[in-house]
Amino acid sequence: SNVSYSLDKSTNNGTTWTNIATAAGQGGGTVLSFAISPTYNEGEADCVTNPKKCSIAIVSVGGGGAYISTDHGSTFTAGTGFSSQCNPAGVYFSPDYATNSTSYVGTLGCGLYKSINSGTTFSRDTTITGISGQTTQVAVSPNFTSDQTVFATSFGGGLMKSADGGATWSNVWDGTSSPGIYSLAISPNYATDSTLFYGTKGTDFSGTRGVFKSTNGGTSWTKMNTGGDDLAAAADIYSIHISPGYATDSTVFVNIANKTYKSTNGGTTWSLNKDFSASGVLSGFGMSPRFNTETGGGTLFAFAYDSATNNSAIYKTTNGGASWTGPTNVANRFFFGLKFAPTYNEDESDCVTNPKNCTIYWWRQTAAPPGGTFDISKTTDKGSSFATAYDSDVSDAPGIVAADLSLTDLVDAFAFSPNYSSDGKVYAVLPIKSSSARENVLLSANDGSTWSFVDTGLTSAKRVAHNGIA
């Protein structure tokens with residue numbers, strides 16, 4: 001395909017959009033990422049005197065590079081210093097950009113590039129060593145405002161840490177010949193306990209497969225597989241979920257292909273919590289935002305998918321995994337993502353009066369990629385029943401037809417408004433083919449009852465990435 005992607009801007013909460021960066025004008029490539037200066041102010045009238053209040057950066061590939069605008073996106077200028085062999089994949093402003101003029105561009109295969117002159121020139125940051133391949137996980141300290149700590153990992157191998165908001169980095173992974181890292185999780189109490197976990201990916205190297213833990217901010221690591229033999233044997237540790245009350249309950253869940261393990265002592269020992277293999281492989285897992293305070297012991301949902309039958313199974317526990325209900329089998333559906341509403345509370349006794357306290361959204365397809373149609377489902381009774389909130393196969397959003405859909409990728413792009421409890425707004429990105437002229441960002445302003453597109457003006461050259469909403 002010769003489709004190019006672009007960047008559009010809205011100044012009226014998404015009602016209308018204007019193109020500000022056509023890829024063809026930035027080297028003929030595809031716009032992959034953008035970032036807005038932390039000091040950005042759309043109302044700044046004097047961009048000449050205050051350029052950092054007007055700065056937007058983008059990166060593009062296929063003849064592109066890094067570009068910066070200092071006039072709210074009216075014009076872009078190319079930064080220099082990139083190798084023609086390096087494809088940029090992400091752009092980031094320093095949190096202290098106003099004073100240090102520093103920005104970063106991550107690349108596929110060439111490491112990290114840094115500019116200290118507001119994006120005019122870039123040079124490869126040689127302080128970062130030990131990461132190879134695609135960057136896969138980023139974990140930000142819950143206390144970032146004061147400790148400025150960020151971690152980044154890759155499939156190829158490496159775990160980097162910055163304690164100054166990304167100004168400098170150090171390699172904190174001591175297994176240089178070990179597999180890459182698939183999953184990463186940071187303690188919600190990191191400011192006090194300096195704890196984080198990672199899970200490995202790929203073939204075993206010298207017994208270094210499984211779950212690893214650091215209690216000193218990554219300075220040293222300990223393998224934490226005791227009681228979880230499958231953790232050491234698993235090809236991939238798909239995900240790690242730390243209880244929001246980790247400071248007192250020390251609870252962690254880890255997922256492999258078809259099993260969930262649980263630790264109640266911070267990973268010192270593990271026990272098999274649930275084997276989902278009778279229903280297929282795990283395709284979704286979620287933890288209640290109030291897991292640690294719910295009177296029953298904590299709510300979790302899990303999805304398993306059987307590709308042979310094209311059936312999904314829904315499982316739920318309300319007692320921290322002591323027992324699970326299910327499977328609730330759903331024929332001809334591939335469930336692959338879920339999000340609890342930020343207001344969810346398993347202890348809510350009146351879901352009719354307070355439905356937002358009982359709401360979970362999940363998304364599914366009628367077959368595993370690349371087949372089927374796509375819909376978003378919703379429960380307002382804590383999973384006892386669920387209904388389709390949006391169906392791409394009917395007229396829930398005008399203009400969507402089968403020919404518009406691209407189901408080669410799993411869609412995991414769903415976000416709640418920060419004011420969801422009062423405004424009921426939810427956003428979703430649809431899996432629309434890049435060749436379609438159809439918009440693909442949906443907004444429901446009434447908690448899923450009706451939907452409308454909010455990316456008016458976006459065309460096939462300006463498609464929002466399937467994972468591009470937060």
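This one's a predicted model, so the numbers in the text were calculated from it and none came from an experiment.
In this structure, Asn319 contributes its side chain and Ala322 its backbone to a donor-acceptor pair below 3.5 Å. No donor-acceptor pair under 3.5 Å is formed between the side chain of Asn143 and the backbone N or O of Ser146. Looking only at distances, no side-chain donor or acceptor of Lys262 sits under 3.5 Å from a matching main-chain atom of Val252. Remark: side-chain polar atoms of Ser243 are not paired, donor with acceptor, to backbone N or O of Thr251 under 3.5 angstrom. Without hydrogens or angle criteria, Lys52 side chain to Ser118 main chain gives no donor-acceptor distance under 3.5 Å. A donor-acceptor pair is defined here as one N or O able to donate and one able to accept, closer than 3.5 Å; no such pair exists between the side chain of Ser277 and the backbone of Asp275. Looking at Trp221, its side chain does come within 3.5 Å of a backbone N or O of Val172 through a donor-acceptor pair. Judged by distance alone, the side chain of Asn225 and the main-chain N or O of Val211 form a donor-acceptor pair under 3.5 Å. Not one N or O on the side chain of Lys356 forms a donor-acceptor pair closer than 3.5 Å with the backbone of Gly424. At least one donor-acceptor pair closer than 3.5 Å links the side chain of Glu44 to the backbone N or O of Asp46.
Tyr315 and Ser279 share a side-chain donor-acceptor pair at under 3.5 Å. Side-chain contact annotation: Lys274 with Thr317, donor-acceptor N/O pair under 3.5 Å absent. Side-chain polar atoms of Asp164 and Gln148 form no donor-acceptor pair below 3.5 angstrom. Counting only N and O atoms by type, the side chains of Ser187 and Asn189 include no donor and acceptor under 3.5 Å apart.
Counting heavy atoms from C-beta on, the side chains of Val254 and Trp270 come closer than 4.5 Å. Looking at heavy atoms from C-beta onward, Tyr182 lies out of side-chain contact with Thr200 at the 4.5 angstrom threshold. Looking at Phe340 and Phe301, their side chains come closer than 4.5 Å, going by heavy atoms from C-beta outward. With a 4.5 Å cut-off on side-chain heavy atoms, Asn117 and Ser101 do not count as touching. Looking at heavy atoms from C-beta onward, Lys53 lies out of side-chain contact with Tyr40 at the 4.5 angstrom threshold. Looking at heavy atoms from C-beta onward, Lys213 lies in side-chain contact with Thr195 at the 4.5 angstrom threshold. Contact check for Phe253 versus Asn273: side-chain heavy atoms found under the 4.5 Å cut-off. When side chains are defined from C-beta on, Asp147 counts as touching Ser141, because their heavy atoms get closer than 4.5 Å.
Of all heavy-atom pairs spanning Val281 and Asn258, the tightest one is CA-CB, 4.3 Å. Scanning both residues, Gly266 and Phe197, for their nearest heavy atoms gives O-CZ, 3.4 Å. Summarising the geometry of Asp249 relative to Asn292, their closest heavy-atom pair is OD2-CB, 3.6 Å, with the distance given to 0.1 Å. Heavy atoms only, all atoms of each residue included: Lys378 and Thr380 are closest at CE-CG2, 3.2 Å. Of all heavy-atom pairs spanning Phe291 and Pro244, the tightest one is CB-CD, 4.0 Å. Ser69 and Asp71 get closest at one heavy-atom pair: OG-OD1, 2.7 Å.
The CD1 atom of Ile256 sits 8.0 Å away from atom CG of Leu272, with the distance rounded to the nearest 0.5 Å. To the nearest 0.5 Å, the span separating CG on Asn345 from OG1 on Thr359 amounts to 12.0 Å. The OH atom of Tyr198 lies 10.5 Å from the OG atom of Ser183; values are rounded to the nearest 0.5 Å. The CD1 atom of Ile68 lies 7.5 Å from the OG atom of Ser115; values are rounded to the nearest 0.5 Å. Of the inter-residue distances, the one linking Ile360 atom CD1 with Ser377 atom OG reads 12.0 Å to the nearest 0.5 angstrom. Separating the CG atom in Asp381 from the SG atom in Cys358 is a distance of 7.5 Å, to the nearest 0.5 Å.
Judged by the 6.0 Å distance and 45° axis criteria, Lys425 is not positioned over the aromatic ring of Tyr420.
A salt bridge is defined here as a Lys NZ or Arg NE, NH1 or NH2 lying under 4.0 Å from an Asp or Glu carboxylate O, and Arg290 with Asp347 fails to meet this definition.
Lys259 pairs by the salt bridge (Lys or Arg N to Asp or Glu O under 4.0 Å) definition with Asp230, not counting sequence neighbours. Considering only residues two or more places apart in sequence or on other chains, Tyr361 meets the ring pair (Phe, Tyr, Trp, His ring centres under 6.0 Å) condition with Phe414, Phe416. Ser312 meets the side chain to side chain donor-acceptor pair (under 3.5 Å) test with no other residue; sequence neighbours excluded. In this structure Tyr246 satisfies the ring pair (Phe, Tyr, Trp, His ring centres under 6.0 Å) test with no other residue, sequence neighbours excluded. In this structure Tyr344 satisfies the side chain to side chain donor-acceptor pair (under 3.5 Å) test together with Glu346, sequence neighbours excluded. The side chain to side chain donor-acceptor pair (under 3.5 Å) test applied to Asn216 returns Ser214, Ser220, not counting sequence neighbours.
By the 30° and 60° cut-offs, the orientation of the rings of Phe276 relative to Trp324 is perpendicular. Ring orientation note: the planes of Phe386 and Trp362 are nearly perpendicular, at an angle over 60° on the 30°/60° scale.
Shown here is Lys316, whose NZ atom has more than 12 heavy atoms of other residues, nucleotides or ligands within 6.0 Å.
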query: Step by step, would you call Asn255 with Ser239 a side chain to side chain contact (heavy atoms under 4.5 Å, CB included)?
result: CA-CA 5 Å; Asn255 294 319; Ser239 61; 2.9 Å; yes

